[in-house]
Amino acid sequence: MSVEIRSTKPFPDQKPGTSGLRKKVKAFLQENYLENFVQSVFDTLGDAGGATLVLGGDGRYFNRQAIQVILRMAAANGVGRMLVGQGGLLSTPAASCVIRKYKALGGFVLSASHNPGGPDEDFGIKFNVANGGPAPESFTNRVYERSRAIDAYRILTAPDLDLDTLGSCQVGGMTVEVIDPVADYAELMEHLFDFGLIRSGFRSGALTLRFDAMHAITGPYAKRILEGTLSAAPGSVVNAVPLEDFGGGHPDPNLVHAHELAAAMYSGRPPTLGAASDGDGDRNMIMGANCFVTPSDSLAILAANAHLVPGYKDGLRGVARSMPTGRAVDRVAAAMGIECYETPTGWKFFGNLLDARKITLCGEESFGTGSDHVREKDGLWAVLFWLNLVALRKQSVAAIVADHWRRFGRDYYSRHDYEGIEVSVAEGIMARLQDLLAELPGRSFGEYRVALADDFRYVDPVDGSVSEHQGIRIGFENSSRIVFRLSGTGTEGATLRIYVERYERDPSQHDLPTQEALAELISIAEELCQVKQRAGMAQPSVIT
Ligand code: VG1
Ligand code: CO
């Protein structure tokens with residue numbers, strides 16, 4: 001085995017987006033494409049000098065090959081120890097948990113999350129830092145700069161390693177430990193929730209569950225924890241075997257892509273709780289019998305009930321949500337007298353707030369919820385939290401939600417995505433909105449009068465770093481809101497996301513169909529951005 005220094009040429013397009021570098025598999029298959037990015041991370045890290053790193057992915061197509069390359073490069077870059085999930089698997093939250101538990105310097109998480117997988121679909125790579133969370137922008141910007149100048153990378157010539165057998169082996173000067181991908185994570189969950197109570201719920205039949213792993217990474221975690229440790233009925237976890245192409249589906253837990261689950265929850269005999277997770281296990285969708293809980297409501301409900309659950313019995317220090325997320329949690333924070341922070345989209349912005357102990361829970365409208373137990377959003381954690389709540393409150397999901405609305409009012413909320421728009425058209429739409437900002441305040445659209453219009457700029461309250469252009473916010477005097485932003489995770493064209501919400505205090509008005517309740521705002525949004533006409537699309541691609 002010897003270290004080779006291979007020369008290479010930079011690629012211009014290795015700028016990480018909302019969550020790591022995501023491209024078509026075909027892009028990653030270009031000679032040196034993966035190697036360049038990985039070396040840029042090592043160069044940014046500086047001296048890896050004997051450090052421990054963590055490595056694993058969601059099992060999608062190209063996962064295993066990429067892991068072998070990263071192992072050889074890590075050894076050649078002086079990494080002392082690499083913890084790899086068995087079979088090359090680690091969910092995103094489990095990777096975060098392992099980095100923290102073993103005090104690693106960081107880790108590579110291989111995933112394109114909710115994007116489809118397979119030879120013609122997407123792959124991705126993300127670097128997480130020592131706190132277990134996604135690297136902050138200051139780090140990813142340096143990686144990008146390095147990738148534009150890179151001229152060589154280091155790699156060990158060595159045969160492929162056996163990733164399927166637990167245990168250690170040596171690759172050059174580096175120890176590789178193939179670890180159980182579920183064990184550390186499962187142990188952490190047991191400390192946070194009342195497993196005894198949930199187990200007796202399942203055993204008595206008071207609690208029933210359908211968890212759809214969507215042929216992605218949470219299958220093995222959910223089988224072991226929900227059906228194994230917690231005694232949910234065998235078969236409660238469906239689509240549990242991770243497949244390289246997710247069975248041809250979109251591993252995105254929403255009513256559109258998890259339609260089998262949605263159908264089961266609106267069927268004649270639905271289980272108490274329905275849930276699904278995404279490609280890399282950090283998202284969650286929560287449903288009850290004949291009921292869907294929006295992620296923004298879910299965050300608010302978990303916050304309002306957290307003190308009932310063992311891991312959060314001392315109460316919450318504060319909460320945070322990404323800017324486009326619905327403001328239901330703000331009302332809970334106000335009632336509890338704790339701070340609610342508003343961050344840009346992407347989990348990396350919660351890291352500082354969590355590390356500085358300013359917040360305990362945080363979440364995003366995009367089916368992401370989490371807490372200070374790791375530094376990533378965590379799909380299965382949210383499911384366990386809900387199971388704990390349902391078991392303890394002895395109420396249906398729908399009753400818990402209705403109760404919450406009676407107490408705090410309801411924030412009707414929806415996101416409309418227009419996917420695959422030509423980049424120039426999408427940029428034109430955003431530029432036009434920018435131009436409108438100055439003249440919007442005071443303007444009326446029917447009953448809706450604009451109170452605030454701006455381009456969201458975030459100043460991190462912990463380290464003072466500034467992130468500009470994080471989305472256009474238009475707030476109305478009746479506290480309704482429309483937000484426009486472009487996605488930073490897509491790999492084809494551009495995606496315009498339009499987020500609309502309206503607050504309703506009156507309980508007699510809490511049962512309207514969401515799209516109906518928001519119809520007027522949706523048409524104001526169209527009047528403002530004219531996406532239908534400009535992109536030539538009659539409808540959004542996805543409504544969540
Ligand atoms: C989307 C979501 C964002 C989330 C990100 C990563 O980003 O909107 O809330 O943090 O995906 O989630 P964008 O830039 O496409 O809107 V995941 O589960 O892909 O790691
Ligand atoms: Co994800």
Side-chain angles (χ1 to χ4, degrees), residues 15-23 57-60 90-96 109-117 121-128 133-135 137 140 213-214 216-218 221 246 250-254 257-258 276-285 294-296 299 320-326 342-351 362-370 374-382 413 415-421 426 430 456 467 469-471 483-499 541-542 544:
K15 188 173 172 60
T18 310
S19 179
L21 181 70
R22 287 188 198 175
K23 299 283 172 195
D58 64 11
R60 69 178 59 223
L90 271 178
S91 76
T92 288
S96 185
V109 184
L110 308 181
S111 171
S113 190
H114 55 286
N115 299 13
E121 299 295 351
D122 294 355
F123 187 75
I125 174 167
K126 180 170 71 153
F127 188 74
N128 282 24
E137 278 193 328
T140 54
M214 303 188 86
I217 189 69
T218 40
Y221 293 82
F246 308 116
H250 234 94
D252 196 352
N254 57 42
H257 296 303
S277 192
D278 71 333
D280 61 331
D282 56 0
R283 296 189 178 202
N284 72 89
M285 174 166 75
T294 72
S296 303
L299 174 63
R321 60 162 174 80
S322 65
M323 182 274 280
T325 300
E342 185 174 46
T343 58
T345 295
W347 213 260
K348 59 191 168 202
F349 295 102
F350 294 131
C362 46
E364 297 191 277
E365 51 64 41
S366 54
F367 299 82
T369 331
V374 289
R375 292 294 180 271
E376 288 278 6
K377 54 188 188 265
D378 189 343
L380 204 46
W381 167 89
Y413 186 89
R415 182 176 106 182
H416 288 206
D417 292 338
Y418 289 83
E419 295 173 351
I421 307 179
M430 292 307 283
F456 182 53
S467 304
H469 307 302
Q470 297 298 320
V483 172
F484 300 90
R485 63 179 281 281
L486 296 181
S487 156
T489 56
T491 58
E492 256 176 57
T495 294
L496 176 70
R497 304 203 195 286
I498 305 177
Y499 311 78
S541 324
V542 180
T544 49

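Ligands are counted one by one from 1 in listed order, and the atoms in each one are counted from 1 as well.
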What N/O/S atom of [X] is the closest to the Co ion (ligand 2)?
| X | value |
| --- | --- |
| Asp282 | OD1 |
| Asp280 | OD1 |
| Asp278 | OD2 |

Going by the atom numbers of ligand 1, which of them fall below 4.0 Å from some non-hydrogen atom of [X]?
| X | value |
| --- | --- |
| Arg283 | 1 (C), 2 (C), 5 (C), 6 (C), 11 (O), 12 (O), 17 (V), 18 (O), 19 (O) |
| Ser19 | 6 (C), 20 (O) |
| Thr345 | 3 (C), 8 (O), 9 (O) |
| Arg497 | 8 (O), 13 (P), 15 (O), 16 (O) |
| Lys377 | 4 (C), 6 (C), 10 (O), 12 (O), 17 (V), 18 (O), 20 (O) |

- Query: Between His257 and His250, what is the ring plane arrangement, given parallel below 30°, perpendicular above 60°, and tilted in between?
  - Reply: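 Rings of His257 and His250: parallel, under 30°.
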- Task: Decide, yes or no, whether a salt bridge links Glu365 with Arg415 under the criterion of side-chain N to carboxylate O below 4.0 Å.
- Result: yes
- Message: Can you tell whether the side chains of Asp122 and Arg60 come within less than 4.0 Å, N to carboxylate O?
- Response: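 No salt bridge links Asp122 with Arg60.
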- Gly488-ligand 1 polar pair, N/O distance under 3.5 Å: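 Yes, since at least one N or O of Gly488 sits under 3.5 Å from an N or O of ligand 1.
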- Item | From Thr92, Asp252, Asp280, residue fulfilling side-chain hydrogen bond (donor to acceptor under 3.5 Å, both in side chains) relative to Ser113 | Asp280
- Would you mind telling me if ligand 1 is within reach of the side chain of Asn115, the backbone, both or neither, using heavy atoms under 4.0 Å? neither
- Message: Minimum distance, heavy atoms only, to atom 8 (O) of ligand 1: which one of Arg415, Glu364, His114 is it?
- Response: Arg415
- Measuring from the heavy atoms of Lys126, does anything fall under 4.0 Å of ligand 1?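 No, Lys126 has no heavy atoms under 4.0 Å from ligand 1.
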- Stepwise salt bridge (charged side-chain N to carboxylate O under 4.0 Å, His left out) test for Glu342 and Arg321: CA-CA 5 Å; Glu342 185 174 46; Arg321 60 162 174 80; 3.0 Å; yes
- Task: Examine Ser113 and say whether one of its N/O/S atoms is closer to the Co ion (ligand 2) than 2.8 Å.
- Result: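 An N, O or S atom of Ser113 is closer than 2.8 Å to the Co ion (ligand 2), so yes.
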